[in-house]
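Worksheet: the structure to be examined is printed underneath.
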Amino acid sequence: MDQQYFGVSLEKLLTSGGQTLYMVAWSLIIGTIIGIILALILVLCRKGGLAENRILYNIVSIYINIVRSIPFVILLVAIMPLTRTIVGTTIGSTASLVPLVIYISPYLARLMENSLLEINPGILEATEAMGATTWQTIRYFLLPETLGSIVLALTTGTIGLLGASAMAGYVGGGGVGDLALTYGYQRMNTPLMIFTVVVLVIFVQILQFAGNTISRKLRQHK
């Protein structure tokens, strides 16, 4: 017989933790890639940008604003047909990646846009004077100069993802959210509810501390 903790087997606890880490990690990786692309479009294509394109800028900006205005739990349900088309199902941790990526990429894009706009305009003027290409400006000036700030943006995004992944458990995504809802709330298992809350709080504190430390070191080595 499996050893029980808070009325749940150790295997179930570990499985739920692994599902949450799986959802957060993969959605963060994919969302970061998309978010950086969107952020660069916003920065480079804005009025006065290095590759000014107001049409593309407005399309991306409106898309980001629309997605960010939709609460995640509504977005989760609204795009179920898209999730089923891409993954083949709407149940499980892998299926949850679709709404999580769609949710987090615009959120990260706005955070990273703010980071990229913090760069000294004189640096960009210098790159133009040196004849650097747009890609060279991004690779050697924009991203390196704002890396510390971007790390903080990713830290904030990761914490937001952790909360969203818990909500994904409400519709069969698994993870800590499903554990707290199915085995905690519905079974009146208060100790398990408290345990999941404490674990999430500790995880967030660790994430924030790590993000602050890495960001500070990157800023010091600029």
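The residues of the chain are indexed from 1 along the displayed sequence. The basis for the numbers below is simple: all heavy atoms, side chains too, and nothing from hydrogens, waters or symmetry mates.
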Under 4.5 Å between side-chain heavy atoms, counting indirect links through other Ile/Leu/Val/Met/Phe/Trp/Tyr residues: same cluster for [X] and [Y] or not?
X      : Y      : result
Leu161 : Val73  : yes
Ile55  : Ile37  : no
Ile59  : Tyr63  : no
Phe209 : Ile202 : no
Ile74  : Val67  : yes

Could you walk me through whether Trp26 and Thr94 satisfy the side chain to side chain contact (heavy atoms under 4.5 Å, CB included) test, starting with their C-alpha distance in whole Å, then the side-chain angles of each, then the deciding distance to 0.1 Å, before giving a yes or no?
CA-CA 9 Å; Trp26 278 108; Thr94 300; over 6 Å; no

Contact check, side chains of [X] and [Y], non-hydrogen atoms, under 4.5 Å:
X      : Y      : value
Gln19  : Thr15  : yes
Leu97  : Tyr22  : yes
Ile41  : Tyr57  : no
Met112 : Leu40  : no
Glu145 : Ser115 : no
Phe195 : Asn189 : no
Thr137 : Leu44  : no
Val176 : Val199 : no

Considering all heavy atoms of both residues, which atom of [X] and which atom of [Y] are nearest to each other, and what is their separation?
X      : Y      : answer
Glu113 : Ala39  : N-CB, 3.8 Å
Pro99  : Leu76  : CG-CD1, 3.3 Å
Phe141 : Met130 : CZ-CE, 3.7 Å
Val24  : Ser165 : CG2-OG, 3.8 Å
Val101 : Pro106 : O-CD, 4.4 Å
Leu100 : Ala164 : CD2-CB, 3.6 Å

Begin with the C-alpha distance, continue with both residues' side-chain angles, and end with the deciding distance and a verdict on side chain to side chain contact (heavy atoms under 4.5 Å, CB included) for Ile102 and Leu82.
CA-CA 11 Å; Ile102 293 176; Leu82 176 62; 3.8 Å; yes

Walk me through it: do Glu118 and Asn114 pass the test side chain to side chain donor-acceptor pair (under 3.5 Å)?
CA-CA 7 Å; Glu118 291 177 1; Asn114 293 333; over 6 Å; no

Can you list the steps and then say if Ile64 with Val60 is a side chain to side chain contact (heavy atoms under 4.5 Å, CB included)?
CA-CA 6 Å; Ile64 289 174; Val60 172; 3.8 Å; yes

By side chain to side chain contact (heavy atoms under 4.5 Å, CB included), which residues pair with Ser215, not counting sequence neighbours?
Val151, Leu152, Arg219

Interatomic spacing from [atom1] in [X] to [atom2] in [Y] - rounded to 0.5 Å:
X      : Y      : atom1 : atom2 : answer
Ile66  : Leu75  : CD1   : CG    : 12.0 Å
Ile91  : Met80  : CD1   : CE    : 6.5 Å
Ile104 : Ser27  : CD1   : OG    : 7.5 Å
Leu42  : Asn58  : CG    : CG    : 10.0 Å
Ile159 : Leu154 : CD1   : CG    : 11.5 Å
Leu56  : Ser61  : CG    : OG    : 11.0 Å

Show your reasoning for whether side chain to side chain contact (heavy atoms under 4.5 Å, CB included) applies to Ile119 and Val43.
CA-CA 11 Å; Ile119 193 169; Val43 172; over 6 Å; no

Can a donor-acceptor pair be found, under 3.5 Å and without considering hydrogens, that links the side chain of Ser16 to the backbone of Leu13?
no

Kindly say whether Ile79 contributes a backbone atom to a donor-acceptor pair with the side chain of Thr83 at under 3.5 angstrom?
yes

Among Ile30, Ile29, Ile34, Ile36, which residue meets the side chain to side chain contact (heavy atoms under 4.5 Å, CB included) test with Thr32?
Ile36

